[in-house]
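What you see is a predicted model; the values in this text were computed from it and never measured. All heavy atoms count here, side chains included; hydrogens, waters and symmetry mates do not.
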Amino acid sequence: QDQIESLNQRRDLSLWLSIDSDRDSVVDGVLQTALSIQQGKVAGWYEYNDDTDRLELRTCIRRDGDDYPGAALVVPDAILETVRLGQSVAIADVRRDRAYAGVHGVRYVGLLAVPIKRHAEVREAIVVTLSRYENGLQAGRNALELLAIQAAGHLDNAMLYNQISVNNNRMRAILDATRDGIILLDYNGRMVEANVSSEQLLGLQIETYMDEHFAERLMADVEVHARSVPQPNADSLMDMARILRLDPERTLNR
């Protein structure tokens with residue numbers, strides 16, 4: 001039953017992050033899921049600091065949802081170093097563990113800590129503290145290790161999503177800054193992007209063409225427009241050609 005519940009919670013996490021996939025949402029969702037799976041007291045998110053060459057606490061939350069001061073989450077350096085090297089740690093009673101000898105201010109009984117490995121590196125880690133001894137501590141560690149694997153995938157997705165957003169914003173800025181009219185079509189001829197200049201030059205509400213076959217829609221609108229506008233004769237076309245030849249920089253509306 002515990003394994004089924006753990007799977008359901010990890011599924012819910014994936015569904016949630018498929019909608020909101022920024023890094024902060026990943027961190028918050030993973031910590032909440034870790035607390036729920038382990039029935040833990042506090043969950044902390046650690047990130048590797050290149051300057052100090054160690055894992056450092058970034059944020060932590062309590063199971064009751066209240067904020068938890070980071071300074072109150074005391075984890076010995078020996079535990080964090082073990083996790084940084086890629087090994088998970090499970091301690092049923094910290095009072096009997098050598099790593100806690102001489103460590104003061106500990107407010108929990110048990111601890112689970114797992115690394116998050118991405119591209120053969122440990123850049124993040126999850127720590128969950130327990131308020132009581134759990135007989136299924138090994139099963140809890142296994143569940144948390146699976147969550148760490150899932151978290152790695154969500155972090156990569158969040159990074160990719162951010163890169164796509166940055167590139168899209170950069171492309172949007174370039175399109176809007178140019179005076180040239182630019183319209184982007186997909187392989188099926190449907191319009192997927194256009195800038196303000198294209199709307200001004202064509203005299204169209206370009207957003208109404210979005211996701212439609214541009215050529216077909218444009219020709220249909222041209223035919224409707226042509227019925228109400230007198231057609232140019234040969235003399236007017238010759239006049240326009242003469243003006244363009246003599247004054248190529250002149251702006252004409254036609």
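Asn195 meets the side chain to side chain donor-acceptor pair (under 3.5 Å) test with Ser198; sequence neighbours excluded. With sequence neighbours excluded, no residue satisfies ring-ring contact (aromatic ring centres under 6.0 Å, His included) with Tyr48. Residues that satisfy the side chain to side chain donor-acceptor pair (under 3.5 Å) test with Asp24, not counting sequence neighbours, are Arg58. The ring-ring contact (aromatic ring centres under 6.0 Å, His included) search around Tyr209 returns Phe214, not counting sequence neighbours. Applying the side chain to side chain donor-acceptor pair (under 3.5 Å) rule to Glu121 yields no partners; only residues at least two apart in sequence or on another chain are considered. Qualifying side chain to side chain donor-acceptor pair (under 3.5 Å) partners for Asn142, counting only residues two or more places apart in sequence or in other chains: Gln138.
As a member of the Ile/Leu/Val/Met/Phe/Trp/Tyr network built from side-chain separations under 4.5 Å, Leu160 groups with Ile164. With side-chain heavy atoms closer than 4.5 Å counting as contact, directly or through intermediates, Met219 stands alone and belongs to no larger hydrophobic cluster. Through direct or relayed side-chain contacts under 4.5 Å between Ile, Leu, Val, Met, Phe, Trp and Tyr, Met171 connects to Leu175, Ile182, Leu184, Val192.
Sequence neighbours left out, the pairs with a member in residues 142-156 that pass salt bridge (charged side-chain N to carboxylate O under 4.0 Å, His left out) are Arg118-Asp156. Listed by first and then second residue, the salt bridge (charged side-chain N to carboxylate O under 4.0 Å, His left out) pairs involving residues 168-179 are Arg172-Asp176, Arg172-Glu193 (not counting sequence neighbours). Counting only residues at least two apart or on different chains, the side chain to side chain donor-acceptor pair (under 3.5 Å) pairs with a member in residues 75-87 are Arg54-Asp77, Glu81-Arg84.
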